[in-house]
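These numbers come from the heavy atoms of this one structure, side chains and all, not from hydrogens, waters or symmetry mates.
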Amino acid sequence: VACSSIISRYIFLNEIKKLSNKLGINILLGAGNDVDNVGKEIIKKYGVDKLKEVAKLNFKNTEKIQ
């Protein structure tokens, strides 16, 4: 189980890096003002629909970002 968890995390981080490169925006993990600012930047650059593709939107900060 531990090994599969490590492999999954590795793949996840690589996919986040690929997405960051594709969008030209450093995708941050977690929560806070910096993460909110990344969300705002995605909306500004690509629109709300792109944010829906790349982020979980069931958090309170989603209203603040939009």
Side-chain angles (χ1 to χ4, degrees):
V1 173
C3 184
S4 64
S5 178
I6 292 168
I7 293 168
S8 295
R9 181 70 178 177
Y10 173 78
I11 292 169
F12 171 73
L13 293 175
N14 280 335
E15 292 301 314
I16 291 296
K17 187 183 294 187
K18 286 181 195 177
L19 182 59
S20 292
N21 291 335
K22 182 179 177 182
L23 296 176
I25 299 170
N26 186 26
I27 304 296
L28 302 177
L29 304 176
N33 289 331
D34 291 338
V35 174
D36 293 347
N37 291 335
V38 170
K40 290 176 186 176
E41 188 176 350
I42 291 170
I43 290 173
K44 183 178 178 183
K45 197 169 182 180
Y46 298 102
V48 175
D49 289 337
K50 181 57 81 175
L51 184 67
K52 291 176 183 178
E53 290 178 27
V54 300
K56 289 180 172 181
L57 300 179
N58 59 332
F59 298 105
K60 288 185 178 186
N61 63 339
T62 303
E63 294 173 20
K64 185 171 46 170
I65 292 171
Q66 297 179 6

Trace of the side-chain contact (heavy atoms from CB on, under 4.5 Å) decision for N37 with L28: CA-CA 10 Å; N37 291 335; L28 302 177; over 6 Å; no
L13 and L29: CA distance, side-chain angles, deciding distance, side-chain contact (heavy atoms from CB on, under 4.5 Å) verdict: CA-CA 10 Å; L13 293 175; L29 304 176; 3.8 Å; yes
Minimum heavy-atom distance between K52 and L57, given as atom pair plus value: CG-CD1, 3.3 Å
I16 backbone acceptor or donor facing S20 side chain under 3.5 Å: yes
Verdict with supporting geometry, V54 and K50, side-chain contact (heavy atoms from CB on, under 4.5 Å): CA-CA 6 Å; V54 300; K50 181 57 81 175; 4.3 Å; yes
Non-hydrogen side-chain atoms of I27 and V38 separated by less than 4.5 Å: yes
Electrostatic pair K44-E41, nearest N-O below 4.0 angstrom: no
Validation row: I42, I65 side chains within 4.5 angstrom (heavy atoms): no
Any L51 side-chain heavy atom under 4.5 Å of Y46 side chain: no
I7 side chain near F12 side chain, heavy-atom distance below 4.5 Å: no
Side chain to side chain, K45 and L23, heavy atoms closer than 4.5 Å: no
